[in-house]
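Below is one structure, written out as structure tokens; comments come after it.
Counting from 1, the numbers follow the sequence of the chain as shown. Computation of the quantities below employed the complete heavy-atom set of this structure, encompassing side-chain atoms and omitting hydrogens, waters and symmetry-equivalent molecules.
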Amino acid sequence: MICSLCPRRCGAERTADRGEGHCRMPALPVLARAALHRWEEPPISGTRGAGTVFFSGCSLDCVFCQNDQISHQDFGAPVTVARLREICLDLAAQGAHNIDLVNPTHFAHVVAELLEEPLPVPVVWNSGGYDRVETLRALEGKVDIYLPDLKYLTPALSERYSGAADYPETAAAAIREMVRQTGPYVLEDGLLKRGVLIRHLLLPGRLPEAKRIMDWVAETFPTGTVLFSLMSQYLPLGRARDFPELDRRLRPSEARSARDYMAALGLEGFCQESGADDAGFVPAFDLTGVR
């Protein structure tokens, strides 16, 4: 395939077993872990956990990525689409409330094929927010829940920390498309069945950016349309130590100020509690559930 799935549209030739282009991945899916996961937001994890499927490779270059081992070092094992479906069905049989596809952007064609026949539980598209509207439209009616990041609205920051100056406009357009597809969020018995939950990871020294993002969400979507998750789990992982301003944990005052601002805006959603910035919360990428 000649790939134009992600916003980079690099035109890489991706064969079944050979990857080129920005994501470096082949056409067949590469997975690093598939297991029940209880550390997503409450309406995603529920009581039994989300059925998380972690894809390898990435179309972003986030210097602080907590999943650097799989996103940039490309750890993982290739599987067929048929095997991917078996994995998803097994997670559902284990009691997963949903199938949580983590970082699926560059495997959107695989997801579309996987979902030609619906899965028995809701499907979550858990992405960095750097998605093409055209690619998302090919998934309409197949994805139940969109769980995108909204990392930045300032191009200089997205270029410096993720190598994508077009991230702000691209992610904003993608999130609008996600909301168009799902409509207002639907909760049943405390679980998200349909809708969009926007995440923002608070970065050290970037409280003004977090406030700008929360302002955008509040101004763009009426109450009852989307949920918002303010994340304070930042750790200086990946290449963050090469960026002095990122080479520290969050100050309690930063997290507290962001939480207060979110409450003042009346945004519906979730704030991570203290203690989330622990390396123990990073999943073990060891091919669990893949083979």
Side-chain angles (χ1 to χ4, degrees), residues 3 5-8 10 12 14 19 21-35 37 39-41 44-45 50-79 81 84 87-88 91 98-115 123-132 135-136 138-139 142-143 145-152 158 161-164 167 170-171 174-175 178 196-201 229 231 233 237-239 281-290:
C3 187
L5 290 172
C6 89
R8 297 193 187 274
C10 61
R14 298 169 64 185
H22 202 89
C23 72
R24 307 166 304 281
M25 289 289 110
L28 286 177
V30 180
L31 309 182
R33 181 180 176 85
H37 187 68
W39 302 327
E40 305 285 36
E41 287 76 5
I44 301 293
S45 290
T52 50
V53 178
F54 288 88
F55 292 94
S56 302
C58 191
S59 55
L60 284 172
D61 298 322
C62 301
V63 300
F64 51 83
C65 184
Q66 296 186 340
N67 295 347
D68 185 75
Q69 180 186 0
I70 66 172
S71 61
H72 301 136
Q73 299 178 43
D74 302 343
F75 173 81
V79 299
V81 179
L84 175 59
I87 288 169
C88 293
L91 289 170
N98 48 62
I99 298 301
D100 183 10
L101 304 175
V102 183
N103 196 25
T105 297
H106 48 297
F107 287 116
H109 62 298
V110 170
V111 174
E113 183 177 349
L114 168 70
L115 300 178
V123 173
V124 181
W125 177 273
N126 182 342
S127 79
Y130 195 54
D131 295 300
R132 285 189 69 198
T135 300
L136 294 173
L139 299 169
K142 297 179 177 179
V143 171
I145 299 162
Y146 283 103
L147 188 60
D149 290 336
L150 184 52
K151 300 175 185 291
Y152 330 88
S158 61
Y161 298 141
S162 293
Y167 179 94
T170 300
I175 290 171
M178 293 170 182
V196 177
L197 196 167
I198 301 168
R199 287 173 159 174
H200 175 67
L201 175 65
S229 177
M231 305 173 72
Q233 67 185 45
L237 299 176
R239 294 186 290 121
F281 287 99
V282 179
F285 298 118
D286 54 7
L287 303 182
T288 292
V290 175

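Below 30°, between 30° and 60°, or above 60°: for Y130 and Y167 the angle between ring planes is below 30°, a parallel geometry.
Shortest non-hydrogen contact noted between P104 and N126 is CD-O, 3.3 Å. Nearest approach of R14 to C3, heavy atoms of both residues: NH1-SG, 3.3 Å. Of all heavy-atom pairs spanning P29 and F55, the tightest one is CB-CE2, 4.0 Å. Minimum interatomic distance between A35 and T288 (heavy atoms only, all atoms of both residues): CB-CG2, 4.2 Å. When all heavy atoms of V79 and L28 are compared, the pair lying nearest together is O-CB, 3.8 Å.
Considering only residues two or more places apart in sequence or on other chains, R199 meets the salt bridge (charged side-chain N to carboxylate O under 4.0 Å, His left out) condition with E40, E41.
When atom types are taken as modelled, the side chain of T135 and the backbone of L5 share a donor-acceptor pair closer than 3.5 angstrom. Side-chain atoms of N103 come within 3.5 Å of backbone N or O of G57 as a donor-acceptor pair. Under a 3.5 Å cut-off, the side chain of T105 and the backbone N or O of D131 do not form any donor-acceptor pair. The main-chain N or O of A50 is never found under 3.5 Å from a side-chain atom of H37 such that the two would form a donor-acceptor pair. In this structure a side-chain-to-backbone donor-acceptor pair under 3.5 Å is present from K142 to A112.
With a 4.5 Å cut-off on side-chain heavy atoms, L147 and W125 do not count as touching.
When ring centroids are compared, F285 and F75 stay outside the 6.0 Å threshold.
To the nearest 0.5 Å, atoms OG (S127) and CG (L136) are separated by 7.5 Å.
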Could you tabulate the donor-acceptor pairs under 3.5 Å formed by side-chain atoms of residues 64-71, not counting sequence neighbours?
unit_1: Q66; atom_1: OE1; unit_2: Q233; atom_2: NE2; d: 2.9
unit_1: Q66; atom_1: NE2; unit_2: Q233; atom_2: O; d: 2.8
unit_1: D68; atom_1: OD1; unit_2: H72; atom_2: ND1; d: 2.9
unit_1: D68; atom_1: OD2; unit_2: Q73; atom_2: NE2; d: 2.8
unit_1: S71; atom_1: OG; unit_2: N67; atom_2: O; d: 3.1

